[in-house]
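One structure below.
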Amino acid sequence: MIKTALITGATSGIGNATAYKFAKHGINLILCGRRLERLHTIKKALDRFTNVHILNFDVRNKAEVFKAIASLQGDFAQIDILINNAGNAHGLDPIQSGNIDDWDAMMDINVKGLLYVSKAIIPQMTERKSGHIINIGSVAGKEVYPKGNVYCGSKHAVLAITEGMRIDLNPFGIKVSAINPGLVETEFSKVRFKGDKMADATYKGYKPLQADDIADIIYFTISRPAHVNIADLLVLPTAQANSVTLKKEL
Ligand code: NDP
Ligand code: 8X3
């Protein structure tokens with residue numbers, strides 16, 4: 001049976017690479033993001049592999065999230081796989097000088113946005129007693145690093161919510177997985193450092209993970225047999241030992 005996956009944050013990085021990977025395996029796609037032009041471009045590129053539908057909304061906007069997901073019809077009404085990927089870090093500052101707008105963005109997008117999207121989709125999964133939810137956490141959800149405070153808090157919350165989902169959805173046979181990457185070269189640092197030169201420096205002097213590496217793992221996770229759930233994975237570049245230990249050749 002052909003499955004349908006909804007991917008948030010499909011306009012760049014990990015979500016985008018996952019969309020391409022899934023399309024090549026014939027999975028129907030619902031691609032979400034705020035940058036509509038990019039969604040159209042990706043749909044155009046993937047239409048020859050699979051059926052693609054785009055949903056243009058901001059995960060922070062509760063009403064938009066529910067309206068967008070309620071609008072799904074026909075082949076796209078049933079969501080078998082939910083990839084909660086939309087998210088970013090905003091800033092890297094000590095708690096005493098952190099920016100409140102950055103804090104709001106991280107909690108509203110990474111935590112509340114994930115909850116809104118999940119709330120809009122979980123009822124159809126419990127009804128059918130099937131489904132797979134993959135939440136993209138981070139090494140930052142496993143350990144806190146200097147100046148990571150609120151971003152780490154948001155990703156710790158994602159991990160706790162993932163574990164809670166796995167417990168509560170257990171009676172329904174719904175798989176819930178956390179994929180927690182370390183440093184991945186995407187637009188992530190451009191967003192975190194607002195285009196500052198720190199953004200480019202983040203991935204210099206070592207070989208970071210690429211979005212495609214994580215997409216491979218996400219595809220592996222969703223393609224296991226029905227009785228196998230990859231519950232929680234930490235994936236680091238070889239050069240990275242933990243949040244604060246990185247072997248750089250300078
Ligand atoms: P990118 O910046 O490349 O991608 C982020 C995606 O999230 C974009 O498609 C963006 O789409 C979407 N997004 C951001 N804000 C919103 C919003 N308010 N509403 C809807 N969509 C939104 O970064 P990554 O691919 O690296 O990040 C993907 C996930 O991976 C995030 O959850 C991140 O925390 C996590 N992660 C990243 C790591 C890294 O080193 N890169 C490591 C560990 C985890 P648009 O702007 O079009 O809305
Ligand atoms: C992204 C990885 O180390 O920048 O979640 O927090 S890190």
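Both counts, for ligands and for their atoms, begin at 1 and track the order of listing. Bear in mind the structure is a predicted one, so any value in this text is a computation, not a measurement.
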### Task
State the atoms of ligand 1, each with its element, that fall below the 4.0 Å cut-off from a heavy-atom position in Arg35.
8 (C), 10 (C), 11 (O), 45 (P), 46 (O), 47 (O)
### Message
Do Leu209 and Leu246 sit in one hydrophobic cluster, given that two such residues count as connected whenever their side-chain heavy atoms are within less than 4.5 Å of each other, even indirectly?
### Response
no
### Task
Would you mind checking which non-hydrogen protein atom is closest to atom 19 (N) of ligand 1, with the distance to 0.1 Å?
Val59 N, 3.0 Å
### Task
Considering only non-hydrogen protein atoms, determine which one is nearest to atom 6 (O) of ligand 2 and report residue, atom name and distance to 0.1 Å.
Tyr145 OH, 2.6 Å
### Message
Taking Ser243's backbone N and O only, do any of them form a donor-acceptor pair with Glu143's side chain (distance below 3.5 Å, no angle check)?
### Response
yes
### Query
Which value, rounded to the nearest 0.5 Å, describes the distance between Ile95 atom CD1 and Lys147 atom NZ?
13.0 Å
### Message
I'd like to know if the side chain of Asn99 reaches the main chain of Asp101, judged simply by a donor and an acceptor atom lying under 3.5 Å from each other, with no hydrogens or angles considered.
### Response
yes
#### Entry: Any N or O of Ser243 closer than 3.5 Å to N or O of ligand 2
no
## Note on the structure
So the atoms of ligand 1 within less than 4.0 Å of a heavy atom of Ala10 turn out to be 9 (O)
### Query
Do Gln240 and ligand 2 have an N or O pair less than 3.5 Å apart?
no
### Query
Taking Arg192 for the side chain and Gly91 for the main chain, is one N or O donor matched with an acceptor at less than 3.5 Å?
yes
### Message
If you measure every N or O of Gly33 against every N or O of ligand 1, does any of those distances drop under 3.5 Å?
### Response
no
## Note on the structure
of all protein heavy atoms, closest to atom 40 (O) of ligand 1 is Val184 N, 2.9 Å
### Query
Between the side chain of Asn56 and the main-chain N/O of Gly33, is any donor-acceptor distance below 3.5 Å?
yes
### Task
Quick one: do Arg128 and Gln124 satisfy side chain to side chain contact (heavy atoms under 4.5 Å, CB included)? Show the steps, please.
CA-CA 6 Å; Arg128 288 195 310 272; Gln124 56 156 282; 2.6 Å; yes
### Task
Note the single closest protein heavy atom to atom 26 (O) of ligand 1, along with its residue, its atom name and the distance in Å.
Thr186 OG1, 2.6 Å
### Summary
Note: ligand 1 atoms sitting under 4.0 Å from heavy atoms of Thr11 are 8 (C), 9 (O), 10 (C), 11 (O), 45 (P), 47 (O)
### Query
For Val139, is at least one N or O under 3.5 Å away from an N or O on ligand 1?
no
### Query
For the side chain of Lys43 and the backbone of Val52, is there at least one donor-acceptor N/O pair under 3.5 Å apart?
yes
### Query
Relative to the heavy atoms of Tyr151, which atoms of ligand 2 are at a distance of less than 4.0 Å?
1 (C), 5 (O), 6 (O)
### Task
Give the single entry among Pro181, Ala105, Gly141 that approaches atom 43 (C) of ligand 1 most closely by any heavy atom.
Pro181
### Shortest protein heavy-atom distance from atom 2 (O) of ligand 1, along with the residue and atom involved
Asn88 ND2, 3.0 Å
### Query
Between Arg166 and Asp232, is there a side-chain N and carboxylate O pair less than 4.0 Å apart?
no
### Summary
atom 37 (C) of ligand 1 sits nearest the protein heavy atom Phe188 CD1, 3.9 Å
### Nitrogen or oxygen of Tyr203 less than 3.5 angstrom from that of ligand 1
no
### Task
Pull out every atom of ligand 1 sitting under 4.0 Å from any heavy atom of Ile14, numbered as shown with elements.
25 (O), 30 (O)
### Message
Between Thr221 and Ile230 (side chain of the first, backbone of the second, donor and acceptor by atom type, cut-off under 3.5 Å), is there such a pair?
### Response
no
### Task
Identify, by atom number and element, the atoms of ligand 1 in contact range of Leu183, meaning under 4.0 Å from any of its heavy atoms.
40 (O)
### Message
Determine whether the aromatic ring centres of residues Tyr151 and Phe188 are separated by less than 6.0 angstrom.
### Response
yes
### Query
Which one of Asp58, Ile136, Asn110 has a non-hydrogen atom at the shortest distance from atom 30 (O) of ligand 1?
Ile136
### Task
Tell me, with the steps shown, if Ser189 and Leu183 meet side chain to side chain contact (heavy atoms under 4.5 Å, CB included).
CA-CA 10 Å; Ser189 282; Leu183 290 151; over 6 Å; no
### Task
Look only at the side chain of Asp80 and the backbone of Gly131, and say whether a donor-acceptor pair between them is shorter than 3.5 Å.
no
### Query
Do Leu39 and Thr11 have side chains that get closer than 4.5 Å, going by heavy atoms?
yes
### Query
Tell me: protein heavy atom nearest atom 31 (C) of ligand 1, and distance?
Asn85 O, 3.2 Å
### Query
Any idea which protein heavy atom is nearest atom 44 (C) of ligand 1, and the distance to it?
Gly137 O, 3.1 Å
#### Entry: From the candidates Gly13, Ser12, Pro237, the one that places a heavy atom nearest atom 1 (P) of ligand 1
Ser12
### Message
Could you check whether any heavy atom of Ala17 sits closer than 4.0 Å to an atom of ligand 1, since that is the contact criterion I want to use?
### Response
no
### Query
With a 4.0 Å heavy-atom cut-off (strictly under), which part of Arg192 contacts ligand 2: side chain, backbone, both or neither?
side chain
### Query
Which protein non-hydrogen atom lies closest to atom 2 (C) of ligand 2, naming both residue and atom, and how far is it?
Ser138 OG, 3.7 Å
### Task
State whether the side chain of Thr4 and the backbone N or O of Leu29 hold a donor-acceptor pair below 3.5 Å, judged by distance alone.
no
### Message
Tell me whether ligand 1 is touched by Gly182 - counting only heavy atoms on the residue side and a distance under 4.0 Å.
### Response
yes
## Note on the structure
The option among Arg34, Glu187, Gln240, Arg38 carrying the non-hydrogen atom nearest to atom 46 (O) of ligand 1 is Arg34
### Message
Under a 3.5 Å distance rule, please check whether Tyr219 uses its side chain to pair with a backbone N or O of Phe22 as donor and acceptor.
### Response
no
### Message
Taking 4.0 angstrom as the limit and counting only heavy atoms of Ala140, give me the atoms of ligand 2 inside it, by number and element.
### Response
6 (O)
### Task
Provide the number and element of each atom of ligand 1 under 4.0 Å from a heavy atom of Tyr151.
33 (C), 34 (O), 36 (N), 44 (C)
### Task
Ignoring angles and geometry beyond distance, decide whether Gly15 reaches within less than 3.5 Å of ligand 1 through its nitrogen or oxygen atoms.
no
### Query
For ligand 1, is Lys155 a contact, meaning one of its heavy atoms is under 4.0 Å away?
yes
### Task
Examine distances only and state if a side-chain atom of Asn229 and a backbone atom of Val176 form a donor-acceptor pair shorter than 3.5 Å.
yes
## Note on the structure
Interatomic distance, OG1@Thr186 vs CG@Asn88, rounded to 0.5 Å, equals 7.5 Å
### Summary
Filtering Gly87, Ala86, Gly9 for the heavy atom nearest atom 5 (C) of ligand 1 leaves Gly87
